[in-house]
Amino acid sequence: MAWIWLAFAGLLEIVWAVAMKQSEGFTRLWPSVLTLVAMVGSVLLLGLAMKTLPLGTAYTVWTGIGAVGAFVVGILFLGEPVTAMRLVAGSLIVGGLVLMKMSST
């Protein structure tokens, strides 16, 4: 169950990152509210996952899901550039997440 909590925490990490971008420096109300709600939810779910998973694994996977997810959303929906270097960097993060998952019990 901890991995499920962690996956949802990571998804909320993506939501708050995108909502924060859309809030335009917290000057738009609803994206700002969504940012704060998603942040709280993400941290609460991370805390549930950490009851079982090691700190290093849980935190690394949580931030990794958020980082790669925000990277993908930025490219697909916000018109951010796709370069070979960015794709290699994203791939390395995903590879690290897979290795972290494989190394945990």
Side-chain angles (χ1 to χ4, degrees):
M1 192 69 184
W3 285 102
I4 293 170
W5 294 132
L6 189 58
F8 281 111
L11 291 175
L12 286 175
E13 186 86 354
I14 299 165
V15 170
W16 76 251
V18 174
M20 183 183 291
K21 174 72 173 169
Q22 299 302 313
S23 78
E24 298 177 8
F26 294 103
T27 60
R28 296 179 61 217
L29 178 62
W30 293 114
S32 299
V33 169
L34 180 58
T35 299
L36 296 173
V37 169
M39 281 180 169
V40 170
S42 182
V43 170
L44 289 174
L45 290 173
L46 174 63
L48 288 174
M50 283 185 172
K51 287 183 173 182
T52 306
L53 298 174
L55 167 68
T57 300
Y59 186 75
T60 301
V61 171
W62 177 65
T63 57
I65 292 170
V68 171
F71 169 72
V72 170
V73 169
I75 288 172
L76 294 179
F77 300 105
L78 303 177
E80 293 181 1
V82 179
T83 65
M85 183 89 61
R86 292 186 83 211
L87 292 175
V88 169
S91 298
L92 289 171
I93 294 169
V94 170
L97 294 174
V98 169
L99 289 174
M100 190 63 73
K101 169 70 170 99
M102 290 172 55
S103 71
S104 72
T105 54

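Quick note: numbers below take in every heavy atom, side chains included, and nothing from hydrogens, waters or symmetry partners.
Although no hydrogens or angles enter the test, the distance criterion places a donor-acceptor pair under 3.5 Å between the side chain of T35 and the main chain of M20. S103 contributes a side-chain N or O that, together with a main-chain N or O of M100, makes up a donor-acceptor pair within less than 3.5 Å. A side-chain donor-acceptor contact under 3.5 Å links S42 to the backbone of A9. Remark: side-chain polar atoms of T60 are not paired, donor with acceptor, to backbone N or O of T57 under 3.5 angstrom.
W5 has its side chain out of reach of M50: every pair of non-hydrogen atoms, C-beta onward, lies at least 4.5 Å apart. Annotation: side chain of T52 is not in contact with side chain of W3 (no heavy-atom distance under 4.5 Å).
Note that CD1 of I4 and CG of L48 are 12.0 Å apart. Values are rounded to the nearest 0.5 Å. For the atom pair CD1 of I75 and CZ of F71, the computed distance is 3.5 Å after rounding to the nearest 0.5 Å.
When hydrophobic clusters are built by joining Ile, Leu, Val, Met, Phe, Trp and Tyr residues whose side-chain heavy atoms come closer than 4.5 Å, directly or via intermediates, L76 is grouped together with V82. Connection of L29 to V18 is not established within any shared hydrophobic cluster, with ILVMFWY side chains joined at heavy-atom distances below 4.5 Å, either directly or through further cluster members. Under the 4.5 Å side-chain heavy-atom criterion for grouping Ile, Leu, Val, Met, Phe, Trp and Tyr, V43 is connected to F8 within one hydrophobic cluster. Both M1 and L55 belong to a common hydrophobic cluster when Ile, Leu, Val, Met, Phe, Trp and Tyr are linked at side-chain heavy-atom distances under 4.5 angstrom. Under the 4.5 Å side-chain heavy-atom criterion for grouping Ile, Leu, Val, Met, Phe, Trp and Tyr, V72 is connected to V61 within one hydrophobic cluster.
Closest of all the heavy-atom pairs between L6 and A58 is CD1-O, 3.5 Å. The shortest heavy-atom contact between A38 and W16 is CB-CB, 3.6 Å. Annotation for L53 and A2: closest pair CG-CB, 3.8 Å, computed over non-hydrogen atoms. Scanning both residues, I65 and L97, for their nearest heavy atoms gives N-CD1, 3.9 Å.
Partner P31 forms a side chain to side chain contact (heavy atoms under 4.5 Å, CB included) with one of E24, Q22, K21 and no other, that one being Q22.
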